[in-house]
Structures are given as structure tokens and as C-alpha cells.
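Bear in mind the structure is a predicted one, so any value in this text is a computation, not a measurement.
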Amino acid sequence: MLKITDLRAEIDGKEILKGLSLEVNAGEVHAIMGPNGAGKSTLGYVLGGRPGYDATGGGVTFDGQDLLELDPHERAAVGLFLGFQYPVEIPGISNLQFVREALNSQRRARGEAPLSGGEFMKLARAQADALGMDPEMLKRPVNVGFSGGEKKRNEMVQMGIIGPKLAILDETDSGLDIDALKAVGEGINRIMRAPDKAVLLITHYQRLLDYVRPDFVHVLADGRIVRSGGPELALALEREGYGAVAA
């Protein structure tokens with residue numbers, strides 16, 4: 001599904017990704033772990049097409065397409081979803097307006113008919129209920145006045161409505177209490193655990209992986225993946241730290 005080959009990227013003239021290679025197949029969950037400054041968030045932003053985060057070398061294909069040649073909205077339309085560590089607030093636009101336009105724009109780009117208002121509301125309420133989010137919050141401006149946990153639940157609701165093929169989730173566990181962490185973890189499993197979908201989890205800690213069990217864990221250090229393994233690698237990182245395990 002996703003194939004990254006010798007990917008390089010610079011931010012403000014400083015090389016952050018230094019030849020990163022990774023392959024993610026459909027049906028798999030991969031966790032990327034590593035110390036601060038290793039390039040984890042940069043990887044997510046480059047894949048998502050965030051302005052200012054452009055690849056300077058290497059290549060990325062997604063379902064056989066050159067991902068780096070696509071604009072951000074085109075990447076979303078082919079099935080890529082990027083979840084942020086700090087979801088942004090959008091005053092003046094309700095969650096319902098925002099997600100309905102995003103979903104139907106993607107459907108039109110794929111040659112699919114847009115959902116009617118009734119169809120969309122049914123889907124949105126079902127996803128909000130599944131995440132334990134009051135459907136009334138869907139009427140509020142995007143993330144405005146939301147707590148950290150509410151923002152992350154809202155992002156999972158958005159992901160459930162849009163239904164991507166690949167979710168790249170950047171420190172989704174950041175700032176969550178125990179209950180919110182469990183709800184978000186269960187949401188990821190419910191929405192993305194399928195033979196035709198895949199997840200790339202970017203995280204510092206093991207705790208999210210207690211709920212979303214990865215098939216593969218990779219250690220990212222100094223812009224490269226320096227070690228890969230199974231779920232036991234995350235436990236070793238938690239126990240021994242990055243210095244010992246990544247050496």
C-alpha cells in the first residue's frame with residue numbers, strides 16, 4: 001500500500017529525514033517511535049503534504065501512485081488521512097459543515113456521488129455515538145472550546161466519517177486521560193482494523209499500543225529507521241529507553 005524509499009527532507013535548510021525507507025501493507029498497523037527531534041512528525045507532514053515539508057530526495061508510492069506528485073487534497077482523495085498531535089481550531093465553521101464538505105469533495109474526486117444531507121447526518125451521528133461524543137458537539141465550530149481529549153475524539157469521528165485507506169496518526173495519545181485514551185484506541189481499531197486499510201502510528205510511548213496492538217514497531221533516530229521489530233520492541237523501549245534499544 002505505502003512504500004517509502006530513501007526519503008529525505010529538509011526544514012529551514014536542515015536535513016531532518018536522511019534516507020528513510022519503510023513499507024506498509026494493507027491490513028497492517030505500524031508504530032513509529034523515537035526520541036524528540038528524530039523526524040517522526042516531519043515524516044507524517046511530508047506524507048500528508050503539509051506546506052513547507054517537501055521531500056528533497058527519495059520517493060513515496062501509495063497504491064502504486066507517486067504520492068509526492070499529488071497535492072494535499074489529492075492525497076486525501078486517494079485515501080490518506082493525517083491526524084495531528086494538536087488538532088487545529090476553525091472558528092466560524094461547524095464540524096458538520098467541515099466534514100461533510102471534506103467527505104463529498106473526496107467522493108466527487110473519485111467519481112462517486114456526494115452523500116445527501118440525511119445520509120451524511122446518519123453517518124455522522126453513528127460515528128459520534130461510537131466514540132462517546134455528544135452529537136450536539138458536531139454543531140459547534142471545529143475544535144473551538146474543546147478540551148484536548150474532545151479534540152482527539154472529534155478527529156476520530158472525522159476519520160470514521162471519511163473512511164480513509166491509510167491513517168497516519170501523529171501522537172494521537174498526547175494529552176489524553178485514561179478514559180479518552182481507551183476511547184480513541186478503540187476508535188482506531190474499529191475504523192481502521194480491516195484487510196484493506198492500514199495505520200501508521202507515530203508515538204513516544206507504549207500506552208497507546210496497549211489498545212492498538214501494532215504488527216510492527218520501528219525506531220526512528222536521526223532521520224532514519226534504525227531498528228524494527230514486533231510489539232515487544234515497544235516494551236523494550238519503554239523499559240530501557242531509546243539509547244539502549246536503538247544502539
Side-chain angles (χ1 to χ4, degrees), residues 28-36 40-41 44 48 81-91 93-100 102-103 120-164 166-194 197-217 230-239 241:
E28 296 177 347
V29 173
H30 290 243
I32 300 283
M33 304 181 73
N36 289 327
K40 300 186 302 299
S41 292
F81 179 93
L82 177 62
F84 294 96
Q85 181 179 1
Y86 303 109
V88 298
E89 297 182 2
I90 309 178
I93 301 177
S94 75
N95 281 293
L96 289 172
Q97 290 174 299
F98 175 73
V99 186
R100 185 182 179 191
L103 174 63
F120 175 79
M121 286 302 301
K122 182 178 180 180
L123 174 60
R125 289 195 184 101
Q127 292 298 326
D129 288 344
L131 265 296
M133 184 173 132
D134 184 347
E136 288 298 308
M137 295 183 73
L138 294 172
K139 300 176 183 178
R140 293 171 56 179
V142 179
N143 291 325
V144 175
F146 286 22
S147 69
E150 288 170 339
K151 288 180 179 180
K152 296 301 176 69
R153 287 178 192 251
N154 190 37
E155 194 168 59
M156 292 300 101
V157 170
Q158 294 171 8
M159 186 171 74
I161 293 170
I162 290 172
L166 173 67
I168 302 168
L169 304 177
D170 184 14
E171 299 197 37
T172 295
D173 53 342
S174 178
L176 299 183
D177 61 26
I178 294 173
D179 291 337
L181 179 67
K182 182 179 180 181
V184 166
E186 290 175 347
I188 295 170
N189 287 328
R190 178 181 56 82
I191 297 165
M192 298 302 301
R193 275 289 193 183
K197 297 178 181 290
V199 180
L200 190 61
L201 284 175
I202 298 170
T203 183
H204 278 297
Y205 305 111
Q206 158 66 29
R207 62 180 197 155
L208 178 60
L209 306 185
D210 289 335
Y211 298 100
V212 185
R213 185 173 175 83
D215 300 293
F216 301 95
V217 175
E232 71 282 351
L233 179 54
L235 295 172
L237 290 168
E238 192 83 2
R239 184 174 60 249

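- Using a 4.5 Å cut-off on side-chain heavy atoms (C-beta onward), K182 and E186 make contact.
- The closest side-chain donor-acceptor pair between E150 and N154, if any, does not fall under 3.5 angstrom.
- The side-chain heavy atoms of D170 and F84, taken from C-beta on, include no pair separated by under 4.5 Å.
- When all heavy atoms are compared, the tightest approach of Q85 to P87 is O-CD, 3.5 Å.
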Run the numbers on L181 and D210 for side-chain contact (heavy atoms from CB on, under 4.5 Å), then give the verdict.
CA-CA 10 Å; L181 179 67; D210 289 335; over 6 Å; no
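- V29 is listed as a side-chain neighbour of V212, based on a closest heavy-atom distance under 4.5 Å.
- Between E136 and K139 there is a salt bridge, since a side-chain N of the basic residue sits under 4.0 Å from a carboxylate O of the acidic one.
- Using a 4.5 Å heavy-atom threshold, the side chains of L96 and F120 count as touching.
- The line from CG of L235 to CZ of R239 is 7.0 Å long, rounded to the nearest 0.5 Å.
- In terms of heavy-atom proximity, A167 sits nearest to M159 at CB-SD, 3.6 Å.
- Under the side chain to side chain contact (heavy atoms under 4.5 Å, CB included) test applied with F81, the options L166, I191, L169, V199 reduce to a single match, L169.
- Taking CG of N143 as the start and CE of M137 as the end, the distance is 8.5 Å to the nearest 0.5 Å.
- Counting all heavy atoms, side chain and backbone alike, P164 lies closest to M192 at O-CE, 3.7 Å.
- With contacts defined as side-chain heavy-atom distances shorter than 4.5 Å, the pair P214/E28 does not qualify.
- Across every non-hydrogen atom of A128 and P135, the tightest pair is CB-CA, 4.4 Å.
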Determine whether R207 and E238 satisfy the following criterion, salt bridge (charged side-chain N to carboxylate O under 4.0 Å, His left out), listing intermediate values before the conclusion.
CA-CA 9 Å; R207 62 180 197 155; E238 192 83 2; over 6 Å; no
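- Within the model, atoms CD of E171 and OG of S41 stand 5.5 Å from one another, a figure rounded to the nearest 0.5 Å.
- The shortest side-chain heavy-atom distance between D173 and K152 does not fall under the 4.5 Å cut-off.
- Within the model, atoms CD1 of I32 and CG of L200 stand 5.0 Å from one another, a figure rounded to the nearest 0.5 Å.
- The CD atom of Q158 sits 8.5 Å away from atom CE of M156, with the distance rounded to the nearest 0.5 Å.
- A salt bridge does not link R190 with D129: every distance from a Lys NZ or Arg NE/NH1/NH2 to an Asp or Glu carboxylate oxygen is 4.0 Å or more.
- Annotation: the span from T203 atom OG1 to K40 atom NZ amounts to 8.5 Å, rounded to 0.5 Å.
- Minimum heavy-atom separation, A234 to M33: CB-SD, 3.7 Å.
- Here the shortest heavy-atom pairing between H204 and G34 reads ND1-O, 3.3 Å.
- Residues N95 and F146 are in side-chain contact: their nearest non-hydrogen atoms beyond the backbone lie under 4.5 Å apart.
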